[in-house]
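Structure first, then comments.
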Amino acid sequence: MNNKYMSVHCENNHCALTGATSFFCAIKDAAVLINGSRFCFKQMLHYLEKSFAEPVRPRLFCTELQEESIIFGTENLLERELKKIKDRRNPSVLFIQNNCAASLIGDDIAAIAQRFNFSCPVIVLDSGGLEGGFYEGWRQAARAFFQAVPINKTPPRQRYINVVGVSDSLFNFTNDKKEIAALLQAGGIHTVNFVGSAMTLDSLQQLRSAALNVVICPELGKELAEFLYEKYRIPYLLTLPPYGLEGSERWLLQIMEALHCSDPEKQSVCEFFAEQKKEIKTETGKLRKIFGDLWISEINLAGSYSAVYGIGEALRTELANYETMNLFLYDDGPDYLFLANTKQYQRHRNFDPQMIGKHKDWILFSSSAEHAQMVQQTKQDKNNFCCIAYPCFDSAVFQPYMGINGCRNLLRFLWQCYIDNLRN
């Protein structure tokens with residue numbers, strides 16, 4: 001069962017090659033050359049084309065490694081593709097990465113690329129499946145970029161931050177990004193970069209003009225934030241993503257505290273959220289009069305660390321009353337953040353459908369892979385599934401989960417599940 005689960009989950013199924021390319025595809029006018037097989041290239045391209053809003057195919061090139069290349073090397077293939085890039089593109093950054101097989105050959109790729117006298121930075125990296133999964137590839141690519149590209153020495157501006165550890169390839173980030181920007185605007189905070197999304201070479205070179213790096217997804221951004229602190233002394237803030245109203249308020253106030261904003265400014269933010277809470281309390285109050293207090297016996301979450309812990313904490317502290325909560329984490333990374341009241345969670349490393357569904361009124365936050373297993377086990381497809389991760393093949397997601405609007409969307413899902421359970 002575990003092998004089947006791992007084989008269909010996109011973020012685990014896609015190796016470091018995809019994660020590294022995702023980082024560089026987020027840089028405007030960057031070109032990426034994959035020194036590897038056509039199969040690896042097409043699999044990676046299929047995933048990136050689904051997740052990026054802008055077309056990425058014109059900026060991607062592949063040597064289409066053959067079996068004989070393992071013996072005779074890839075120099076001729078690299079020269080062919082590098083000539084194409086030189087003739088067709090004027091990249092802001094050129095990223096050349098080896099897949100698993102090419103990394104074993106030992107060609108001096110940097111020296112081969114140097115012959116073409118590119119005017120842009122050229123970064124070379126081994127990032128196949130032997131290096132790890134999507135998150136590892138993204139981390140390696142980000143670190144390689146900031147090691148190779150000089151960052152301008154500029155004085156930090158007090159109300160400016162970098163949002164670190166994001167990717168257009170993360171599930172639902174396009175929608176959540178708008179909510180993150182709206183929250184920062186409510187606190188009078190400006191963004192220099194979303195490091196991992198909609199970047200330019202010029203904006204990345206202004207990284208040091210930010211007074212703080214705020215890590216959104218610790219699986220991606222924690223190591224990079226530590227590296228940038230060690231190299232450039234940019235302080236960073238590691239916190240749960242802004243899920244729920246209280247979670248969003250706490251997240252914004254933590255940033256304002258780190259930026260030494262004044263007490264009246266922080267009080268203004270508290271008053272803003274008090275109004276939002278009042279509106280939601282009025283909306284949910286109408287439902288309580290009809291259906292009583294919201295109660296879900298069993299809540300299950302399966303996904304990445306930041307999504308599972310962020311949504312789980314919002315459910316525990318403000319969104320739902322429950323008896324049991326199961327957390328299933330995809331990655332085997334460390335505990336990036338300490339969660340209070342851990343006795344109110346049951347944490348597991350691998351998803352097992354036999355462990356959930358013990359109550360009639362259970363709900364599932366996960367990818368479509370786990371949902372399919374639960375439908376197969378229970379022989380029923382109730383309206384109790386909320387997709388929070390890839391793959392997503394049986395759910396339409398057009399709304400955010402973070403921020404104020406995200407809180408409303410999560411509450412709408414919970415109340416609908418509760419009402420449906422009462423009817424049944």
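None of the values given here were measured: they were computed from a predicted structure.
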Atom pair CG (D202) and OG (S92), whose distance is rounded to the nearest 0.5 Å: 9.0 Å
Test of ring centre spacing under 6.0 Å for Y418 and W415: yes
Within-4.5 Å side-chain heavy-atom neighbours: Y322 and H359: no
Minimum heavy-atom distance between W362 and G357, given as atom pair plus value: CD1-CA, 3.6 Å
Heavy-atom closest pair, residues N421 and K360: OD1-O, 4.3 Å
Worked check of side chain to side chain donor-acceptor pair (under 3.5 Å) between N99 and Q97: CA-CA 7 Å; N99 77 340; Q97 55 178 330; over 6 Å; no
E279 and R408 ion-paired at < 4.0 Å: yes
Pairwise side-chain contact, L184 with H190, heavy-atom cut-off 4.5 Å (strictly under): no
Ionic contact status for R139 with E219, cut-off 4.0 Å: no
Min side-chain heavy-atom separation N213-L237 under 4.5 Å: no
Pair L212-I255, side-chain contact (heavy atoms from CB on, under 4.5 Å): steps then yes or no: CA-CA 8 Å; L212 181 69; I255 295 173; 4.2 Å; yes
Validation row: D420, N384 side chains within 4.5 angstrom (heavy atoms): no
Nearest heavy atoms of S248 and I404, plus distance in Å: OG-N, 4.4 Å
Nearest-0.5 Å distance, CD of residue Q373 to CD of residue Q376: 7.5 Å
R288 atom CZ, neighbour heavy-atom count above 12 within 6.0 Å: yes
Working for side-chain contact (heavy atoms from CB on, under 4.5 Å), residues M374 and I356: CA-CA 9 Å; M374 287 307 303; I356 67 177; 3.3 Å; yes
R233/Y229 under side chain to side chain donor-acceptor pair (under 3.5 Å): CA gap, chis, key distance, verdict: CA-CA 4 Å; R233 311 313 293 178; Y229 176 75; 2.9 Å; yes
Nearest heavy atoms of L201 and V93, plus distance in Å: CD1-CG2, 3.9 Å
Any side-chain heavy-atom pair of V166 and L220 under 4.5 Å: no
Heavy atoms from other residues, nucleotides or ligands near NZ of K84 exceed 12 (cutoff 6.0 Å): yes
Minimum heavy-atom distance between T74 and N35, given as atom pair plus value: OG1-ND2, 3.3 Å
Salt bridge flag under 4.0 Å for residues K266 and E257: yes
Pair E246 + R250, salt bridge at N-O below 4.0 Å: no
Steps toward side-chain contact (heavy atoms from CB on, under 4.5 Å) verdict (L240, Y309): CA-CA 8 Å; L240 285 174; Y309 270 16; 4.0 Å; yes
Side-chain heavy-atom pair L204, V149 within 4.5 angstrom cut-off: no
Atom pair CG/CD1 of L287 and I419 - distance to nearest 0.5 Å: 5.5 Å
Aromatic ring pairing Y47/F134, orientation class (parallel under 30°, perpendicular over 60°, tilted between): perpendicular
More than 12 heavy atoms from other groups under 6.0 Å of CD on E54: no
Heavy-atom pair of closest approach, residues F171 and C392: CE1-CB, 3.8 Å
Donor-acceptor contact present, side-chain T284 to main-chain I280, <3.5 Å: yes
Non-hydrogen side-chain atoms of L238 and P218 separated by less than 4.5 Å: yes
side-chain contact (heavy atoms from CB on, under 4.5 Å) between F145 and F24, worked out: CA-CA 9 Å; F145 174 85; F24 278 95; 4.0 Å; yes
Distance under 6.0 Å and angle within 45° of ring axis: K177 vs F194: yes
Neighbour count above 12 (heavy atom, 6.0 Å) for K178 NZ: no
Intermediate values then yes/no, salt bridge (Lys or Arg N to Asp or Glu O under 4.0 Å), K278 and E275: CA-CA 5 Å; K278 184 178 178 181; E275 286 298 316; 5.1 Å; no
Side chains of R157 and V192 in contact at under 4.5 Å (non-hydrogen atoms): yes
F413-F365 aromatic ring centre distance below 6.0 Å: yes
